[in-house]
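Heads up, the thing below is written out as structure tokens.
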Amino acid sequence: MRGATHAKWAACAVTVALAATACGGGGDSGGGGGDGSGIVGSSWGDPQNPLEPANTNEVQGGKVLDMIFRGLVRYDPKSGEAKNMVADKIDTKDSQNFIVKLKDGWKFSNGEKVTAKSFVDAWNYGAHLKNNQKNAYFFGYIEGYDKVHPEKGDASADKLSGLKVVDDKTFTVKLTQKFSTWPKTLGYPAFAPLPKTFYDDHDAWLAKPVGNGPYTVDSYDKGSKMSLRKWDDYSGEDKAKNGGVDLKVYTDNNTAYTDLMAGNLDLVDDVPASQLKNAKSDLGDRYINTPAGIIQTLAFPFYDSKWSKAGMEKVRQGLSMAINRDQITETIFQKTRTPATDWTSPVLGEAGGYKSGLCGDPCKYDADKAKKLIADGGGIPGGTLKITYNADTGSHKEWVDAVCNSINKALGNDKSCVGSPVGTFADFRSKASQQKLDGAWRAGWQMDYPLIQNFLQPLYYTDAPSNDGKWSNKEFDKLVDKANAETDTGKAVSTFQDAEKVLADQMAVIPLWYQNGSAGYSDKVSDVALNQFSVPVYNEIKVS
Amino acid sequence: MGRYVIRRLLQMIPVFFGATLLIFLMVNVMGDPVAGLCGDRKCDPATAAQLKKEFGLDKPVWQQYATYMGNVFTGDFGTAFNGQKVTELMSTAFPLTIRLTLVAIVFEIVIGISLGVVTGLRRGRPIDTVVLLLTLVVIAIPTFVTGLLLQLLLGVEWGVIKPSVSSEAPVNELIVPGLVLASVSLAYVTRLTRTSIAENRRADYVRTAIAKGLPRRRVITRHLLRNSLIPVVTFIGTDIGALMGGAIVTERIFNIHGVGFQLYQGILRQSTQTVVGFVTVLVLVFLVANLIVDLLYAVLDPRIRYA
């Protein structure tokens with residue numbers, strides 16, 4: 001009551017003040033009718049790293065790169081299939097040596113031609129240690145990477161020896177190992193071509209990036225706003241269907257949602273958790289909730305003998321069975337997560353390697369069996385399972401508590417599982433990557449490209465870069481190697497799935513749920529969709 | 001007076017070094033910031049080592065602090081993790097926050113002091129009770145509730161304002177955020193002024209002034225108010241610093257990319273350079289504001305003189 005009275009009083013005071021200063025609502029985002037010249041206003045987050053293709057590893061920077069760059073191939077926003085963009089064809093006879101031929105007519109928005117050199121130079125730049133590019137390891141399969149990016153010490157070469165420019169339209173790539181699906185990884189932004197100005201005047205380029213995509217950067221006000229405009233001379237077929245996009249940085253996604261409700265914004269691609277309940281009724285059809293290539297898991301410390309000794313796989317399977325995924329995804333996530341039944345993601349599709357139910361019984365909730373399995377395996381080491389998570393972002397506390405609750409209930413013991421928060425994401429990551437965590441921790445994986453390989457190899461292969469738990473299994477490694485050498489895609493996928501079955505037997509990590517991308521949009525725009533990376537497909541959006 | 005000012009300025013030096021060192025140590029205790037830069041994956045060790053070298057994180061903390069302070073005196077506050085100079089961040093963030101703080105201070109002074117005078121002169125009357133109740137409500141409700149409520153009502157329901165402030169943040173868009181930011185302090189200013197006025201009303205000099213037959217207006221503004229303002233000025237002075245640092249909540253709600261936003265971002269990303277840089281400037285603001293308050297005493301009450 002008091003609150004309401006007070007608000008009314010304050011509101012009146014403010015209304016008077018506003019009238020006095022002649023302020024008001026009023027919109028500045030230009031209309032434009034249905035002629036394709038309207039501007040889309042969209043929410044954005046401050047990119048964490050400088051905006052360079054090989055240095056951007058999160059969604060916010062990725063959004064921009066997807067608008068201003070087109071690489072050799074591009075993933076179809078609907079099917080996820082890798083389709084040739086700038087590449088005319090990528091040929092190989094032995095899955096290790098590739099010949100890349102480019103299409104005619106591609107240009108950067110400053111008029112420069114996109115040539116074989118644009119790619120080779122960009123990749124050399126991305127791989128070189130001295131340039132500090134966070135995605136450098138993407139070039140790790142190319143021969144000579146260990147020279148330009150050694151694990152210790154300075155680089156002994158300036159260029160990747162596996163890259164050779166043949167002529168303006170052709171270059172060759174030599175990999176260090178057979179990797180049949182390698183051409184399909186080239187849709188990742190790190191493989192984008194770069195114009196000469198990038199090297200000549202790097203600061204100026206960073207202030208206003210120039211690419212070869214359907215949009216050009218009109219103005220970039222770091223940390224607050226980026227205006228992108230349709231580039232009329234764009235060489236590709238996926239021309240922008242709107243006049244441009246204004247990306248506006250929000251300090252809080254709740255504010256972005258409020259702006260959407262008030263009609264100040266056209267698109268919010270990250271509906272805040274607290275609004276998920278209302279989103280459906282607020283937006284109706286204009287609320288999108290589609291699968292994204294993200295899976296969340298619980299990881300274990302295999303570097304700790306307590307967790308790696310024989311018999312522990314039963315404990316891990318038991319823990320998995322003690323988690324009521326259906327209930328948690330429904331009550332806590334409002335169905336923006338789907339209970340996981342394998343270690344990949346539904347966005348891969350059947351042909352791509354997603355197999356519903358591959359995990360089998362261990363991923364189904366069964367409290368009695370869980371209790372028995374854990375007892376058979378010798379019980380939880382130390383009697384209590386500690387789940388570490390970072391408390392600063394992503395509202396992990398809620399679900400970790402729920403998971404613990406579910407485990408405690410299944411085992412009939414209040415002290416079986418506890419959550420253990422760490423202050424910041426950076427601290428959490430540094431502990432995880434240095435093997436300083438004991439017990440379990442929340443883990444997650446956002447795919448780099450829609451390939452089953454990307455969901456398995458970087459995470460579970462022996463000593464792989466993101467194998468924080470140091471899980472190691474010879475059988476698994478052997479199957480992954482075999483799958484990579486397979487020239488037939490279908491066979492490669494099924495071999496990867498065989499490897500995945502090893503994961504199920506050993507329960508290397510517990511798959512929890514697949515994450516969806518959620519977005520909401522105003523009635524001013526249409527044809528809004530999210531791709532597999534949960535990034536809006538901006539060039540398809542129409543403004544009415 | 002001059003010696004007093006010099007002494008105060010000298011006192012600022014240890015405070016300045018102590019505060020920056022503390023912040024530096026606190027941010028460092030949080031662990032290795034580079035690990036958070038690569039998302040949910042491990043940074044490749046060579047790149048991580050290279051980044052650490054570039055940001056000077058591979059050296060011992062005391063050496064990092066020494067280098068940092070050395071750079072600060074040449075006006076170099078280092079580089080944030082997204083590649084932007086911290087001075088560049090400051091040059092966009094501080095003007096916004098200063099503008100917001102000024103709007104808030106103006107609200108405090110105009111609304112707070114006038115309400116305080118009115119209620120102080122009419123102690124115990126209905127208006128006094130009403131205002132007292134209102135200030136109680138304002139103090140009791142957290143800022144983010146007031147902020148979100150106003151944003152929802154004025155921005156979404158009635159469409160009087162835009163729910164978020166644009167990146168240029170002109171003053172007219174800052175009125176509501178400024179009012180929200182000022183709300184709690186405003187209530188305190190009202191109460192402080194009221195008590196002070198009510199107390200001094202019965203003072204000898206006020207009676208003398210009335211007895212001399214001075215007009216009521218002059219008695220109140222020149223005699224009563226001037227003497228009653230000392231505690232209020234102290235409060236507002238210290239509040240300047242608090243408002244600038246404490247704007248985090250308001251800035252988040254109304255999407256203002258000011259000091260609060262940059263600090264929040266810096267802490268989340270464990271960017272030592274950003275956090276220490278901004279806090280250093282905030283410490284300076286605090287110190288200067290306090291100095292000005294102390295000097296204002298002498299202006300308000302000539303009996304207070306500093307030797």
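Relative ring orientation between A:Y188 and A:F138 is described as parallel, the plane-to-plane angle staying below 30° on a 0-90° scale split at 30° and 60°.
A:N55 and A:N135 form no side-chain donor-acceptor contact under 3.5 Å, judged by distance and modelled atom types alone.
Heavy-atom distances place both the backbone and the side chain of A:V249 under 4.5 Å from chain B. The parts of B:L51 that come within reach of chain A are both its backbone and its side chain, each placing non-hydrogen atoms under 4.5 angstrom from that chain. For A:E151, the part lying under 4.5 angstrom from a heavy atom of chain B is the backbone only. When heavy atoms are compared at a cutoff of 4.5 Å, B:I256 approaches chain A solely by way of its backbone atoms N, CA, C and O. With a 4.5 Å cut-off on non-hydrogen atoms, A:D468 touches chain B through its side chain but not through its backbone. Residue contact with chain B, scored on non-hydrogen atoms closer than 4.5 Å, is absent for A:K431. Proximity to chain B involves both the backbone and the side chain of A:D427, based on heavy atoms less than 4.5 angstrom apart. For chain B, no part of A:P458 is nearby; none of its heavy atoms comes within less than 4.5 Å. In this structure, chain A has a heavy atom under 4.5 Å from the side chain of B:D44, while its backbone stays farther away. For A:D448, the part sitting under 4.5 Å from any heavy atom of chain B is the side chain, from C-beta outward, and nothing else. For A:P50, the parts lying near chain B are the backbone and the side chain together; criterion is any non-hydrogen pair under 4.5 Å. Contacts of B:Q84 with chain A are made by side-chain atoms alone, with heavy-atom separations under 4.5 Å and no backbone atom involved. Using a 4.5 Å cut-off between heavy atoms, A:Q434 contacts chain B through its side chain alone, with no backbone atom that close.
Judged by distance alone, the side chain of A:R442 and the main-chain N or O of A:T388 form no donor-acceptor pair under 3.5 Å. Here the side chain of A:N467 pairs a donor or acceptor atom with the backbone of A:W471 at under 3.5 angstrom. Checked by atom type and distance alone, the side chain of A:Q60 pairs as donor or acceptor with a backbone atom of A:G45 at under 3.5 Å.
Between chain A and the options B:L152, B:N82, B:N255, B:V156, heavy-atom pairs under 4.5 Å are most frequent for B:N255. With respect to chain A, the highest number of heavy-atom pairs below 4.5 Å among B:G83, B:S164, B:S167, B:S271 belongs to B:S164.
Using a 4.0 Å cut-off between charged side-chain N and carboxylate O, B:R194 and B:D128 make a salt bridge. Ion pair A:D463/A:K470 flagged as a salt bridge, since at least one NZ, NE, NH1 or NH2 atom sits closer than 4.0 Å to an Asp/Glu carboxylate oxygen.
Here A:Y389 and A:F428 keep their ring centres 6.0 angstrom or further from each other. Aromatic pair B:F81/B:F55: centroids less than 6.0 angstrom apart.
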### Task
Give the intermediate values and the outcome of ring pair (Phe, Tyr, Trp, His ring centres under 6.0 Å) for residues A:Y145 and A:Y137.
CA-CA 9 Å; A:Y145 179 75; A:Y137 62 94; 8.6 Å; no
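Between B:T47 and A:H149 the shortest side-chain heavy-atom distance falls below 4.5 Å.
Of residues 258-269 of chain B, those residues lying under 4.5 Å from chain A by any heavy-atom pair are B:F261, B:Q265, B:I267, B:L268, B:R269.
Taking the salt bridge (charged side-chain N to carboxylate O under 4.0 Å, His left out) definition, one finds that B:R252 meets it with A:D252, sequence neighbours left out.
The 12-atom threshold is exceeded at CZ of B:F24, counting heavy atoms of other residues, nucleotides or ligands nearer than 6.0 Å.
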